[in-house]
Structures are given as structure tokens and as C-alpha cells.
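Notes for the one structure printed next.
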2 protein chains.
Amino acid sequence: MNAANLRARVRAEMTEEIKQVARRHLATDGANLSLRAVARDLGMASSAVYRYFASRDELLTALIIDAYDAVGEAAEQAAAGQGEPAERWVAIGHAVREWALANRHQWALIYGSPVPGYQAPQDTIVPATRVIMALAETIRSGLESGRITTFPPQPAGRFGEELAAVAEQFGPDVPPYLVGGGISGFIHLCGAISAELFGQLDNTIEDDRRGFFDWQMRATAAFAGLA
Amino acid sequence: MNAANLRARVRAEMTEEIKQVARRHLATDGANLSLRAVARDLGMASSAVYRYFASRDELLTALIIDAYDAVGEAAEQAAAGQGEPAERWVAIGHAVREWALANRHQWALIYGSPVPGYQAPQDTIVPATRVIMALAETIRSGLESGRITTFPPQPAGRFGEELAAVAEQFGPDVPPYLVGGGISGFIHLCGAISAELFGQLDNTIEDDRRGFFDWQMRATAAFAGLA
DNA sequence: GCCACAACGAGAGCACTGCTCTTGCACGTC
DNA sequence: GACGTGCAAGAGCAGTGCTCTCGTTGTGGC
């Protein structure tokens with residue numbers, strides 16, 4: 001093995017270790033992650049961490065990308081399952097919800113209020129779309145197999161054109177209103193999980209939140225046209 | 001006016017002034033509000049602020065309560081308008097959205113990820129319900145005037161019972177599934193606004209976000225049974 | 001009118017933060 | 001052996017939330 005490669009490998013391992021400890025701190029302390037505390041846990045000086053991440057924001061960005069990838073992975077695995085498109089849609093929802101429940105601070109990092117002063121760089125764009133792409137794929141497979149039976153109301157006006165522009169990226173025959181229904185379902189999905197995690201459901205639905213979520217996801221599936 | 005009242009009035013004015021400056025800082029710097037910076041802006045020592053708010057969290061709590069009240073006020077005013085229940089439902093949605101657009105950091109404070117280490121005290125519970133109460137009132141007036149035509153699918157299982165328990169607080173004849181539809185609509189409302197504010201709509205719907213929101217709100221109104 | 005008291009503001013100080021700069025060390029290459 | 005490079009450590013700066021103390025000032029009871 002080449003010496004340069006060895007260096008690179010050690011560096012990659014160290015980078016991963018920092019992220020791992022940072023994630024652990026995120027889980028206990030929440031979003032105001034202390035770089036110094038992470039360094040202390042690793043038994044190194046705080047300044048040494050700056051060899052790996054130029055700033056606290058850059059560390060946060062790395063965590064954000066990883067979180068997008070993790071939840072996207074969960075969604076894609078659920079989407080790859082068997083069953084009718086509508087069932088797969090609901091399954092994606094449950095997979096995302098369960099990931100969020102298990103990693104609530106990472107969820108807050110990506111779908112909660114943006115960290116103040118933090119500007120998401122370009123690197124986050126592609127991983128950020130994996131969940132909604134899994135949902136979109138479900139709709140398209142429903143279209144192809146003739147499983148789209150009901151339809152959302154036609155969008156009218158300028159945003160209908162914008163939906164049409166987005167629809168073109170998916171294929172020539174994808175109706176804009178289905179794209180709207182998909183985005184709307186994704187928004188409802190995110191809203192339902194955030195509401196549960198951020199305490200909006202307290203004092204109303206306490207026991208069977210999974211059931212309530214399931215009920216909502218079936219409604220979004222129906223709205224998106226999935227039989 | 002007696003002297004004690006005068007003192008109390010000066011204190012109330014000072015408290016209000018601190019909150020005002022804090023809100024201004026919130027609007028520019030985001031959620032990591034600096035108590036020292038607020039004090040500097042007011043030309044006073046940072047320690048003096050602690051005469052009015054025992055901690056930064058307490059100041060945040062005051063801002064949160066004010067924000068809940070402000071958005072609740074906007075929702076109630078929209079709900080008091082004329083028109084069919086479905087129109088009032090949509091009007092509430094637009095009022096809340098416009099308030100959120102004008103006060104995005106306050107929105108993030110109440111509906112975004114919770115501030116780390118911050119535990120919402122009891123004082124916030126009642127103001128927090130004003131928006132959803134305005135929506136609920138719309139459904140109930142629709143029920144009374146026979147404007148409920150379609151119905152959400154029946155919730156089954158434990159969460160259906162929980163919905164029934166919530167429904168009893170509204171009156172003897174409110175069906176649980178309408179409560180579910182209302183909560184679901186509220187969740188979708190919050191999700192749609194948060195998605196717009198927190199950047200989830202970037203690169204898809206850019207121009208006519210109001211139209212897209214309107215389209216979604218009409219769908220939630222229909223799901224909640226409002227004709 | 002006087003006096004005790006509570007409220008108040010200012011300042012110093014503690015422990016913490018992100019981040020920078022300099023220094024010293026351990027390498028592989030020439 | 002000299003050199004350059006990547007790395008870690010430490011000191012230091014400016015900022016933070018919060019506490020404590022001290023002097024001042026206004027207020028209510030006598």
C-alpha cells in the first residue's frame with residue numbers, strides 16, 4: 001500500500017470517528033453541537049478537529065448529508081418491497097417515520113428550522129431528494145401498471161405550469177397534477193412526522209400515533225391517485 | 001395613579017421593550033438569540049436584563065407565547081370572515097401563511113425544531129391551540145349548517161378512540177373522524193408553511209407558492225368534509 | 001420628614017463557545 | 001542529512017449565559 005493512500009485512509013477513519021461522536025452528542029444535547037465537547041470526547045485538542053472540518057458549519061453539513069442519505073436509504077428500501085403502489089407509498093411513510101423516531105435530532109437537523117446563519121451548500125441537494133424520489137417512483141410505477149384510479153383536482157394557474165416543468169423531468173407522460181399530489185403528500189408526510197416529534201400532538205393523540213400516521217398516509221396516497 | 005402602579009407600568013414597558021428588541025434580533029440573527037446583544041442595543045448592562053427575565057429561556061418563552069398569540073389572532077380574524085365554511089378554512093390557511101412569511105423566525109420558534117434544552121412550560125399550551133381551534137370552529141359551524149358533505153375515511157383502532165375523546169371536548173355530536181380530518185388538515189397546513197419557509201420547495205415551486213398552497217388547502221378542506 | 005427596604009443598574013468574574021495562530025513533532029522524499 | 005508536509009497541541013481572542021456583589025434610587029410605613 002502506498003503511503004499517501006495510507007494517510008488518506010487514516011484521515012477518512014478519523015473523519016468518520018469525529019462524525020460518529022458528533023452524532024452521539026447531537027442525540028443528547030440537540031442541535032447546538034459543541035465542537036470542543038466532541039474534541040474532548042475524542043481526547044484531542046479542539047484545534048485538531050479543524051484539520052478535518054474547516055468549521056462547525058462544515059461538520060454540520062457533513063452530518064446533514066449523512067442524515068439525508070440515511071433516511072433516503074430507509075425510504076428506498078421500503079419502496080423496493082412488494083405490493084400495490086399504494087401499499088408501498090404507505091410503507092415508505094412508515095419507514096421514514098421510524099427512522100425519524102430513532103434519530104429525532106437528525107430529523108430536526110434536516111427537516112426542522114434551519115440552523116441560524118447556516119447556508120446549505122450544493123452538496124446537500126441531491127441527497128435531499130432521495131425520499132421524494134422514492135415517492136415519485138411509486139406514483140410512476142402506479143401510472144405504468146394502471147393503478148392510478150382517482151386523480152387530484154387539476155391545478156390551475158402559474159403553479160400548474162411549474163408543476164408541468166417538474167413533471168417533464170420524470171417523463172413525457174406524467175401529468176402535472178400527479179406531481180402536485182406527490183409533493184403535497186411528501187409535505188404532509190414531513191409535517192406529520194415533525195408534528196409528532198416536535199410536540200404538536202401532545203395532549204391529543206398519545207397512544208396510537210402510528211395508527212394516526214397510517215390513516216393520514218393512506219389519505220395522501222388516495223389523494224395522489226394511488227388505488 | 002398610585003406609585004406602585006407607576007412602577008409596575010414602567011416595568012411592563014421595559015419588559016415590552018426588551019421583547020421588541022429581542023424580536024428584532026430574532027429576525028436578523030435567527031434562533032440563537034444573544035441576551036448580551038439585546039442588552040447592548042438597549043444601552044444597558046447584560047446583567048440588568050436578568051431583572052426582567054430570569055434566563056434566556058424565559059425570554060424565549062415570552063416570545064413564543066407572543067408568537068402563538070399573534071398567529072392565533074391572525075387565524076381568528078380570518079375565521080371571522082364571511083363565506084362558506086370551506087372558504088373560511090382556506091382563508092385561515094392563507095392568514096397563517098402570510099403571518100409566517102412576515103415573521104419567519106417567529107414561525108420557526110413555535111413550529112420548527114424545538115430549541116435544544118428548552119422545555120416549553122405550561123403557559124404556552126393555551127395560546128398554542130388558537131389556530132387549530134379556529135379550524136375546529138370552522139368544521140363545527142359546517143356541521144351545524146349542514147355544510148359537511150363528504151367525510152374522511154373512518155379511523156379504526158386505538159387512535160379512533162383517542163380522537164373520540166378529543167371530540168367530546170367539542171360537543172356531544174362531533175364525529176371523531178371529523179376531528180381527525182381537522183388535525184390532519186392542521187398538520188398539513190403547518191407542513192406546507194414549514195416546507196416553504198425552510199427551503200423544501202426550492203428548485204420546484206418558485207413563483208406561485210401561494211397558488212400551490214391554496215390548492216393544498218382546498219384539498220385539506222375537502223378531506224375534512226367541508227363543501 | 002425620616003428611615004428601612006425593595007427594586008434596580010453596573011461591573012467583575014466564571015466557565016464555556018468557535019476559531020486562529022504559532023510551535024513542535026513525525027513522517028516520506030529528495 | 002536537509003527539506004517539506006500533514007498533524008496535534010497550546011495559547012489566545014472575542015463572544016456567550018449566568019451569578020454575585022456593590023452602590024444608587026425610589027417607595028411605603030412611621
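Chain naming here is simple, since letters A, B, ... match the order of the sequence lines and numbering starts at 1 in each. Treat the numbers as computed from the prediction; the structure is a model and nothing was measured.
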Does B:Arg130 come within less than 4.0 Å of B:Glu137, counting only side-chain N to carboxylate O?
-> no

Do A:Arg11 and A:Glu16 sit within salt-bridge range, that is, some charged N less than 4.0 Å from a carboxylate O?
-> no

For B:Arg140 and B:Phe170, indicate whether the former's side chain and the latter's backbone hold a donor-acceptor pair under 3.5 Å.
-> yes

Figure out the CE/C1' separation between A:Met44 and D:dG6, and round it to whole Å.
-> 13 Å

Under 6.0 Å between the ring centres of B:Tyr68 and B:Trp99?
-> no

Member of B:Thr129, B:Ile110, B:Ile65 meeting the side-chain contact (heavy atoms from CB on, under 4.5 Å) criterion with B:Thr124 = B:Ile65

Table of protein N/O atoms under 3.5 Å from nucleotides 19-25 of chain D N/O atoms:
none

To the nearest Å, give me how far apart CG (A:Leu42) and P (D:dA9) are.
-> 10 Å

Quantified as the angle between the terminal helix axes (five pairs each), what is the overall bend of the helix from C:dG1-D:dC30 to C:dC30-D:dG1 to 10 degrees?
-> 0°

Test side chain to side chain contact (heavy atoms under 4.5 Å, CB included) on A:Leu59 and A:Tyr52 and set out the steps.
-> CA-CA 9 Å; A:Leu59 174 56; A:Tyr52 299 89; over 6 Å; no

Every protein N/O within reach of nucleotides 14-16 of chain D N/O, cut-off under 3.5 Å:
unit_1	atom_1	unit_2	atom_2	d
D:dT16	OP1	B:Ser34	OG	2.8
D:dT16	OP1	B:Arg40	NH2	3.4
D:dT16	OP2	B:Arg40	NH1	3.2
D:dT16	OP2	B:Arg40	NH2	3.4

State, without any angle test, whether B:Ser141 and B:Arg88 hold a side-chain donor-acceptor pair at a distance under 3.5 Å.
-> yes

Short N-O contact, A:Asp202 and A:Arg209, less than 4.0 angstrom = yes

Give a yes-or-no answer on whether the side chains of A:Trp89 and A:Thr220 include a donor-acceptor pair shorter than 3.5 Å.
-> yes

Just how far, in rounded Å, is C1' of C:dT17 from CG of A:Asp41?
-> 16 Å

Rounded to whole Å, the CE-C1' distance (B:Met14 to C:dA10) equals 13 Å

Once the angle between the rings of A:Phe212 and A:Trp215 is folded into 0 to 90°, is it parallel (under 30°), tilted (30 to 60°) or perpendicular (over 60°)?
-> parallel

Any sub-3.5 Å donor-acceptor pair from A:Ser194's side-chain atoms to A:Cys190's backbone N or O?
-> yes

What is the nucleic acid contact for B:Tyr52, judged by heavy atoms within less than 4.0 Å: base, sugar-phosphate only, or nothing?
-> sugar-phosphate

Atom-pair distance (CZ on A:Arg11; C1' on D:dA8), nearest Å = 13 Å

